[in-house]
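The block underneath contains the structure these notes are about, expressed in structure tokens.
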Amino acid sequence: MEQESNKKSLDFIRAIIAEDIANNKNEGRVATRFPPEPNGYLHIGHAKSICLNFGVAEEFGGTCNLRFDDTNPTKEDTEYVESIMEDVKWLGYDWGERLYYASDYFQNLYDFAVMLIKGEKAYVDSLNADEIREYRGTLSEPGRESPFRERSAKESLDLFERMKEGEFEEGAHVLRAKIDMSSGNLNMRDPIMYRILKQSHHRTGDTWSIYPMYDFAHGQSDSLEEITHSLCTLEFADPRPLYDWFTEQLGIYAQRQIEFARLNLSYTVLSKRKLMQLVQDGHVSSWDDPRMPTVSGLRRRGYTPVAIRSFCEKIGVTKQDSVIDVALLEHALKEDLNKSALRVMGVLNPLKVVITNYPGDSSEELDAVNNPEDESAGKRKVPFSKELYIERDDFMEEPPKKFYRLSLGREVRLRYAYFITCTDVIKNEDGEVTELHCTYDPQTRGGNSPDGRKVKATIHWVSAKHSIKREVRLYDRLFTVAEPEGDKEGKDFTEFLNPQSLTVLKDCYLEPSLADATPGVNYQFERLGYFTVDTISSKNTKPVFNRTVTLRDAWAKVKGK
Ligand code: ATP
Ligand code: MG
């Protein structure tokens with residue numbers, strides 16, 4: 001048998017950091033950063049990185065910077081900067097004073113570049129983009145040196161200066177590192193450090209006509225901030241020797257980079273480019289559409305920060321690429337909501353029930369439990385009267401064997417209320433059931449039978465005249481296949497969109513306590529799932545409810561097998 005241990009074992013990143021501290025590396029200091037590029041909204045994959053970077057800092061008494069890697073003005077915008085800050089805060093993390101922008105380092109980076117040119121470690125190349133690509137070679141073929149490679153430092157300095165002054169058109173020249181055109185690592189074949197871009201930057205305006213490449217900015221930004229542990233996803237393992245080369249040549253502080261596997265989630269795409277396409281092509285309404293895997297979409301859908309952090313903890317960090325079942329994310333959510341959500345009753349597909357032996361206009365109030373998982377949540381009153389709504393699905397005229405809910409002549413329990421028996425089925429001209437007539441047993445108030453009589457089903461309901469009518473939106477997975485990004489048979493991922501990802505129900509009847517429901521509060525509609533008020537659609541109209549998730553837990557079933 002495996003030895004039981006109360007100690008949580010550290011993942012490989014935390015183990016490395018613990019060891020570095022034990023060895024007094026960086027005098028025991030731990031400094032991490034979360035470095036998003038403000039070219040889109042954050043998604044659940046970024047949440048993994050946020051939980052890791054801020055989590056590590058918290059656990060080891062270190063710091064975590066929020067740094068915008070804003071080196072490409074063609075794709076970046078303040079809208080994204082603002083949403084990213086909002087999302088990190090909402091997840092429960094605080095960067096305090098430690099807010100940085102790579103664009104704040106443009107002058108430092110320029111000075112670094114000048115240093116490298118003077119040391120003959122960088123040169124201005126005047127090949128065009130196609131030629132540079134052609135000269136680069138392939139994995140099996142070495143590259144060729146540019147004819148401009150041996151340009152004197154003086155000439156390169158002059159050209160670089162004039163590139164900066166805006167004297168040349170885009171593409172006329174680039175600045176390249178002088179490393180090794182025959183390196184087995186393509187990143188080391190004289191990578192581009194700077195290109196000319198005649199673009200306004202969202203923070204530096206028109207100050208610059210040249211912008212550093214990500215690969216020249218990222219490592220030096222880490223170095224300038226004295227990041228001790230630079231945690232990145234696996235794709236940064238290949239350029240790591242380049243980052244090391246730059247810090248070494250410049251003789252500046254060198255962070256330790258550690259790579260981990262990015263999050264992939266089934267039935268979900270997590271590439272910013274694809275998420276952008278979903279928005280731009282109108283497959284979803286916006287970045288924060290409740291079907292999007294963005295942090296803002298999840299928030300609007302009804303996800304909680306607790307659930308997202310717990311999910312990130314469950315998946316952990318490894319070096320192995322894998323696809324996580326989206327059911328695990330839903331499971332983490334249900335675990336949290338089961339503890340915290342208030343229980344209420346709402347009928348989504350209403351069928352009217354008339355209690356024929358209930359006195360005319362009168363009504364009464366019955367006690368209902370707010371949360372069986374949390375006694376402190378207390379009780380509330382739900383009104384009962386002669387006319388009710390029940391879920392259409394909870395009645396069948398000709399019930400199959402295992403259907404125990406309402407049918408003609410059968411008795412069921414109304415949650416918190418009474419036993420009722422169906423005596424008559426009313427239909428319209430088309431033969432559709434429009435109304436049920438039932439009798440109730442006044443002896444069963446509160447849902448208990450005094451004579452020990454048993455019923456096989458308990459169903460939810462609302463009082464017709466007391467209920468409020470609301471729109472409810474049912475969300476389902478956005479894709480119909482587990483790996484929509486798989487590029488199957490050359491198909492575009494949009495071919496796998498689920499046409500049923502959104503169902504709008506206009507006429508749902510909810511118990512009156514929900515008239516006060518505000519965005520950000522989660523409710524369990526008994527037997528149906530978790531719901532929350534939509535933040536955006538409810539601004540100028542009656543509140544609209546989003547279904548966050550259904551009650552069935554696919555993940556728990558898999559685990560329980
Ligand atoms: P792109 O570079 O294509 O714009 P990106 O998803 O890498 O997209 P960044 O803004 O560069 O976006 O990401 C910020 C940080 O979040 C990076 O450190 C990156 O490694 C991390 N990150 C991005 N996607 C994931 C993911 N799916 N799982 C874990 N971490 C991620
Ligand atoms: Mg990136």
Side-chain angles (χ1 to χ4, degrees), residues 33-39 49 67-76 100-117 119 121-125 127 129 132-133 135-139 143 146 149 156 160 163-164 170-171 173-197 199 201 208 210-225 227 229-260 262 272-273:
R33 82 288 174 268
F34 172 63
E37 183 180 357
N39 62 352
S49 178
R67 183 201 318 137
F68 288 100
D69 254 331
D70 54 351
T71 53
N72 184 359
T74 57
K75 294 196 174 147
E76 295 158 6
Y100 300 94
Y101 295 84
S103 54
D104 289 344
Y105 308 138
F106 281 170
Q107 186 61 47
N108 306 67
L109 293 166
Y110 181 82
D111 295 342
F112 285 147
V114 167
M115 270 171 72
L116 291 179
I117 298 172
K121 298 290 179 189
Y123 61 97
V124 170
D125 195 358
L127 293 180
I132 289 178
R133 201 171 308 121
Y135 274 65
R136 179 169 294 132
T138 61
L139 276 176
S146 161
R149 198 175 199 260
S156 278
F160 189 50
M163 282 163 67
K164 178 184 163 223
E170 290 187 8
H173 308 283
V174 291
L175 182 72
R176 298 179 71 174
K178 193 189 272 192
I179 312 181
D180 178 4
M181 286 308 290
S182 59
S183 170
N185 184 340
L186 294 178
N187 292 288
M188 303 299 272
R189 293 187 187 170
D190 291 11
I192 296 173
M193 293 161 56
Y194 267 92
R195 76 278 205 216
I196 301 169
L197 282 178
Q199 295 267 350
H201 185 280
W208 297 88
I210 52 170
Y211 290 91
M213 299 299 287
Y214 179 86
D215 282 346
F216 186 63
H218 187 75
Q220 281 75 265
S221 303
D222 278 350
S223 173
L224 289 166
E225 291 172 20
I227 298 303
H229 297 85
S230 174
L231 312 178
C232 325
T233 35
L234 290 178
E235 70 272 22
F236 294 102
D238 282 348
R240 170 154 40 92
L242 174 61
Y243 303 159
D244 292 345
W245 187 88
F246 283 132
T247 46
E248 201 182 308
Q249 299 302 320
L250 293 166
I252 55 177
Y253 171 86
Q255 65 284 1
R256 173 168 188 176
Q257 177 173 311
I258 310 169
E259 304 89 16
F260 64 96
R262 60 172 52 223
K272 268 194 245 176
R273 186 181 59 76

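- Checked against side-chain contact (heavy atoms from CB on, under 4.5 Å), E259 has the following partners two or more places apart in sequence or in another chain: L234, A237, R240, Q257, K319.
- Taking a cutoff of 4.0 Å between a charged side-chain nitrogen and a carboxylate oxygen, D222 and R33 qualify as a salt bridge.
- Not a single donor-acceptor pair under 3.5 Å links the side chain of R189 to the backbone N or O of Y135.
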Should I210 and L197 be marked as a side-chain contact (heavy atoms from CB on, under 4.5 Å) after you check the CA-CA gap, both sets of side-chain angles, and the distance that decides it?
-> CA-CA 5 Å; I210 52 170; L197 282 178; over 6 Å; no

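- Judged purely by distance below 3.5 Å, without hydrogens or angles, the side chains of N185 and S183 never pair a donor atom with an acceptor atom.
- Expressed to the nearest 0.5 Å, how far CD of Q249 lies from NZ of K178 amounts to 12.0 Å.
- Contact annotation: the side chain of R176 never approaches that of P191 to less than 4.5 Å [non-hydrogen atoms, C-beta and beyond].
- Classification of D190 and R149 as a salt-bridged pair holds, one side-chain N sitting under 4.0 Å from a carboxylate O.
- Scanning both residues, A177 and Y123, for their nearest heavy atoms gives O-CE2, 3.9 Å.
- When all heavy atoms are compared, the tightest approach of L109 to A102 is CD1-O, 4.5 Å.
- Donor-acceptor pairing under 3.5 Å is recorded for the side chains of Q107 and D111.
- By the 30° and 60° cut-offs, the orientation of the rings of H218 relative to Y243 is tilted.
- The aromatic ring centroids of F106 and H201 lie less than 6.0 Å from each other.
- In this structure, the side chains of I117 and M115 stay at 4.5 Å or more apart for every pair of heavy atoms.
- Tested against S103 for a side chain to side chain donor-acceptor pair (under 3.5 Å), the candidates T71, D69, D70 yield a single pass: D70.
- Between N72 and Y211, the closest side-chain pair of non-hydrogen atoms is not below 4.5 Å.
- Ion pairing of K272 with E37 is absent here, as no side-chain N (NZ or NE/NH1/NH2) approaches a carboxylate O to less than 4.0 Å.
- Nearest heavy atom pair, residue P36 against residue R67, reads CD-O, 3.2 Å.
- Shortest non-hydrogen contact noted between I252 and Q220 is CD1-CG, 4.0 Å.
- In summary, the aromatic rings of F112 and F246 are positioned with their centroids too far apart to meet the 6.0 Å limit.
- Remark: side-chain polar atoms of S223 are paired, donor with acceptor, to backbone N or O of Y253 under 3.5 angstrom.
- For the pair Q255 and T247, the tightest heavy-atom approach, listed with the atom from each and the gap, is OE1-CG2, 4.4 Å.
- Ring geometry for Y101 versus F68: interplanar angle under 30°, hence parallel rather than tilted (30 to 60°).
- Checked against the 6.0 Å centroid criterion, the rings of F160 and Y194 qualify as a close aromatic pair.
- Judged purely by atom type and a 3.5 angstrom limit, S156 uses its side chain to pair as donor or acceptor with the backbone of V124.
- Here the straight-line distance linking atom CD1 of I258 with atom CZ of F236 works out to 15.0 Å at 0.5 Å rounding.
- Between D125 and H173, the closest side-chain pair of non-hydrogen atoms is not below 4.5 Å.
- You'll find the side chain of M193 stays beyond 4.5 Å of the side chain of P212, heavy atoms only.
- Nearest heavy atoms, A113 versus F216: N-CZ, 4.0 Å.
- One finds the CG atom of L242 at 12.0 Å from the CG atom of L186 (value rounded to the nearest 0.5 Å).
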Check step by step if salt bridge (Lys or Arg N to Asp or Glu O under 4.0 Å) holds for R195 and E170. CA-CA 8 Å; R195 76 278 205 216; E170 290 187 8; over 6 Å; no

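- Atom NE2 of H229 and atom CG of L231 lie 8.0 Å apart (nearest 0.5 Å).
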